[in-house]
Amino acid sequence: MKKVLKTVLYVILALIVAALSFAAYIYFKGIPSYDPPQIKEFTIRPTQEKIDEGARISALICSSCHMGKDGRLSGGLMKDLDPIFGTAYIANITNHPVYGIGKWSSSELAYFLRTGLRANGRYAPPWMPKFIHLSDNDLESVICFLKSDSPLVQASEIAHPASQPSFFAKFLGNTAFKPLKYPSSEIIAPDTSDAVNYGKYIAHGKVECFTCHSADFAKMNIEFPEKSLGYMGGGNTLINLEKKKIFSANITMDAETGIGTWSYEDFYKALKEGKRPDGKALRYPMLPLGNLKDFEIKGLWAYLQTVPKIKNPVNRTWE
Ligand code: HEC
Ligand code: HEC
């Protein structure tokens, strides 16, 4: 009997030691780096038109995070990161050669924006979104803008301390978070006259509405967005700038719990001005997307009509 007890005790001890060593391994390893990737060639041919379009796309999908206190894309503390992931600093992406991305080539930028891997193999966790469905043309415009002489990206000397990922973030970094695959062929956006498919392109590639508007970031499918749990049915937990929880809205056409009773004009106003039909202002992080173009909003509206309705009453308490 004593012998059995002793063996059990040794097994338990061995398990504890194994668990502790694994924890220590994760703790000290942090969010892992990878072998430097084979960067694919991505050529840009800047024109003023592309720079302007890149600036518009950046205002839609980059500046909400990267806008710094000097009015340039110099980054700062990420105030809306869920504290369970620790603290993170948003990078300075102005053209400063040391503190910014002044030395990055267009190909390195394209590779990073698609996969999350830097040229040296350092990986950016999911709080820097990845743009695997963005068309090559739109990506080119964004990079033309980043490399332009726009005041928004002029070299800023703002430097940030290293991010402090929590143990949980490090754990996920070693298990769940993985760099995305670089697309194997050119990505071409649908024709803008094809409203439904163009709207889908915006919802998946250009503004990535599906990420926030599905049920759970952890059950999101970046590669096949429609396979995300509760696709467009809302309820995903987001954090506002005061670190309070806010839930994304159900934007399927369910009449009771989604936006099925809204008119196109209601939708237009919600996106452009951040106002609901009942007059309430939409709250952070649903920022007004003022520079969406009319054909983009029309496309989104047309596409949302085709998305399967989900009955999901989201807790939307207004103070
Ligand atoms: C939700 C917030 C968020 C959005 C939106 C966002 N970023 Fe980032 N970005 C981050 C964070 C956080 C980091 C730092 C990641 C890390 O620590 O590895 C980062 C890092 C980067 C880097 C790496 C810079 C370096 O020096 O390592 C580049 C380049 C970049 N972002 C460009 C963009 C562009 C271009 C867009 C829009 C197309 C964009 N980001 C949208 C949060 C964001
Ligand atoms: C960063 C996360 C995020 C992204 C990206 C995002 N949304 Fe939202 N959205 C939210 C949140 C959170 C709310 C709820 C805001 C509130 O309750 O005040 C919301 C609310 C809405 C509403 C209001 C619905 C209602 O019933 O009040 C509409 C419409 C909407 N979003 C459409 C979109 C579309 C279309 C896109 C893409 C072009 C998009 N959103 C991208 C987070 C996001």
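Values below: all heavy atoms of this structure, side chains included; hydrogens, waters and symmetry mates excluded. By convention here, the first residue in the shown sequence is residue 1. Whatever order the structure lists them in is the order used to number ligands and atoms, beginning at 1. Here the structure is a predicted model, which means the values were calculated and not measured.
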Item to check | For atom 38 (C) of ligand 1, closest protein heavy-atom neighbour | outcome: Cys62 SG, 2.5 Å
Checklist entry - So is there a nitrogen or oxygen of Glu208 less than 3.5 Å from a nitrogen or oxygen in ligand 2? => result no
Checklist outcome for this item: Shortest non-hydrogen pair, Thr94 vs Gln154, comes out as CB-O, 3.4 Å
Next on the checklist: Checking a contact table here: which protein heavy atom is nearest atom 1 (C) of ligand 1, and how many Å away?
Outcome noted: Cys65 SG, 2.7 Å
Item to check | Trp301 contact mode with ligand 2 (heavy-atom cut-off under 4.0 Å) | outcome: neither
Item to check | Min heavy-atom dist Tyr284 to ligand 2 below 4.0 Å | outcome: no
Checklist outcome for this item: Quick look: Leu282 vs ligand 2, heavy-atom contacts under 4.0 Å, and the answer is both
Checklist entry - Which distance, rounded to the nearest 0.5 Å, do you find between the CG of Asn120 and the OH of Tyr34? => result 13.5 Å
Item to check | Part of Arg316 with heavy atoms under 4.0 Å of ligand 2, whether side chain, backbone, both or neither | outcome: side chain
Next on the checklist: Tell me if the centroids of the rings in Phe42 and Tyr111 come within less than 6.0 Å of each other.
Outcome noted: no
Item to check | Heteroatom proximity flag, Arg283 to ligand 2, N/O under 3.5 Å | outcome: yes
Next on the checklist: Ring of Tyr27, cation from Lys170 - is the NZ or CZ under 6.0 Å from the centre and inside 45° of the axis?
Outcome noted: yes
Checklist entry - Among Tyr201, Trp301, Tyr198, whose ring-ring contact (aromatic ring centres under 6.0 Å, His included) with Phe295 holds? => result Tyr198
Item to check | Numbered atoms and elements of ligand 2 in range of Val207, under 4.0 angstrom, heavy atoms | outcome: 37 (C), 38 (C)
Item to check | Where ligand 1 meets Arg118 - atom numbers and elements under 4.0 angstrom, heavy-atom basis | outcome: 15 (C), 16 (C), 18 (O), 23 (C), 25 (C), 27 (O)
Checklist entry - Does Ile251 reach ligand 2, in the sense of a heavy atom lying below 4.0 Å from it? => result yes
Next on the checklist: Tell me if the aromatic rings of Phe210 and His133 count as close, with their centers under 6.0 Å from one another.
Outcome noted: no
Item to check | Polar side-chain atom of Arg45 near backbone of Glu140 as donor-acceptor pair, under 3.5 Å | outcome: no
Next on the checklist: Is the contact between His213 and ligand 2 made by the side chain, the backbone, both, or neither, using heavy atoms and a 4.0 Å cut-off?
Outcome noted: side chain
Next on the checklist: Taking 4.0 angstrom as the limit and counting only heavy atoms of Tyr89, give me the atoms of ligand 1 inside it, by number and element.
Outcome noted: 12 (C), 14 (C)
Checklist entry - Where on Ser58 is there a heavy atom closer than 4.0 Å to ligand 1, on the side chain, on the backbone, on both, or on neither? => result neither
Checklist entry - Of the listed options (Trp127, Phe112, Phe131, Tyr123), which comes nearest to atom 21 (C) of ligand 1 when hydrogens are ignored and any heavy atom counts? => result Phe112
Item to check | N, O or S from Ser248 under 2.8 Å to atom 8 (Fe) of ligand 2 | outcome: no
Item to check | Backbone N/O of Asp266 and side chain of Ser263: donor-acceptor pair under 3.5 Å | outcome: yes
Checklist entry - Is ligand 1 under 4.0 Å from a heavy atom in the side chain of Leu113, in the backbone, in both, or in neither? => result side chain
Next on the checklist: With side-chain contact (heavy atoms from CB on, under 4.5 Å) as the criterion, how do Lys147 and Ser106 come out once you've worked through the C-alpha distance, each side chain's angles and the decisive distance to 0.1 Å?
Outcome noted: CA-CA 8 Å; Lys147 295 198 150 290; Ser106 310; 3.9 Å; yes
Checklist entry - Please state which protein non-hydrogen atom is closest to atom 20 (C) of ligand 1 and give its distance, to 0.1 Å? => result Ala91 CB, 3.6 Å
Checklist entry - For atom 29 (C) of ligand 2, which of Trp262, Phe210, Tyr268 has the closest heavy atom? => result Trp262
Checklist outcome for this item: Restricting to heavy atoms, the pick from His96, Lys103, Glu108, Met128 nearest atom 11 (C) of ligand 1 would be Met128
Next on the checklist: Cation-pi check for Phe224 against Lys227: NZ or CZ below 6.0 Å from the six-membered ring centre and within 45 degrees of the axis, yes or no?
Outcome noted: yes
Item to check | Shortest protein contact, atom 5 (C) of ligand 2 (heavy atom only) | outcome: Cys212 SG, 3.6 Å
Checklist entry - Is Ser64 close to ligand 1, meaning an N/O of one under 3.5 Å from an N/O of the other? => result no
Item to check | Numbered atoms of ligand 1 (with element) below 4.0 Å of Ala124, judged on heavy atoms | outcome: 15 (C), 18 (O)
Next on the checklist: Could you go through Glu208 and Ile61, starting from their C-alpha distance and side-chain angles, then the distance that decides it, and tell me whether this counts as side-chain contact (heavy atoms from CB on, under 4.5 Å)?
Outcome noted: CA-CA 9 Å; Glu208 302 192 334; Ile61 58 176; over 6 Å; no
Checklist entry - Distance-only, no hydrogens or angles: does the Ser248 side chain make a donor-acceptor pair with backbone N or O of Asn236 under 3.5 Å? => result yes
Item to check | Closest non-hydrogen atom pair, Ile132 against Pro183 | outcome: O-CG, 4.1 Å
Checklist entry - Which heavy atom of the protein is the closest neighbour of atom 40 (N) of ligand 1, given with residue, atom name and distance? => result His66 NE2, 2.8 Å
Checklist entry - Asn92 and Ile158: which non-hydrogen atoms are nearest, and at how many Å? => result ND2-O, 2.9 Å
Next on the checklist: Please work out, at 4.0 Å between heavy atoms, whether the side chain, the backbone, both, or neither of Trp104 comes within that distance of ligand 1.
Outcome noted: side chain
Next on the checklist: Can you see whether Ser141 engages Asp138 through a side-chain donor-acceptor pair at a distance of less than 3.5 angstrom?
Outcome noted: no
Checklist entry - Could you state the interatomic distance from CG (Asp191) to CG (Asn197), rounded to the nearest 0.5 Å? => result 10.5 Å
Checklist outcome for this item: protein heavy-atom neighbour closest to atom 36 (C) of ligand 2 works out as Cys209 SG, 2.9 Å
Item to check | For ligand 2, the portion of Leu271 having any non-hydrogen atom under 4.0 Å away | outcome: side chain
Checklist entry - At a 4.0 Å threshold, what atoms of ligand 1 neighbour a non-hydrogen atom of Pro125? => result 16 (C), 18 (O)
Checklist entry - Between Phe267 and Tyr264, how do the two ring planes meet: parallel, tilted or perpendicular, split at 30° and 60°? => result tilted
Next on the checklist: Can you classify the ring geometry of Phe177 versus Tyr123 as parallel (below 30°), tilted (30 to 60°) or perpendicular (above 60°)?
Outcome noted: tilted
Item to check | Region of Ile61 engaging ligand 1 - heavy atom pairs below 4.0 Å | outcome: both
Checklist entry - Nearest heavy atom to atom 25 (C) of ligand 2: which of Arg276, Met286, Lys245 does it belong to? => result Arg276
Next on the checklist: Can you name the atoms of ligand 2, numbered from 1 with element, that are less than 4.0 Å from a heavy atom of Leu238?
Outcome noted: 12 (C)
Item to check | Side chain, backbone, both or neither: Leu289 near ligand 2, heavy atoms under 4.0 Å | outcome: side chain
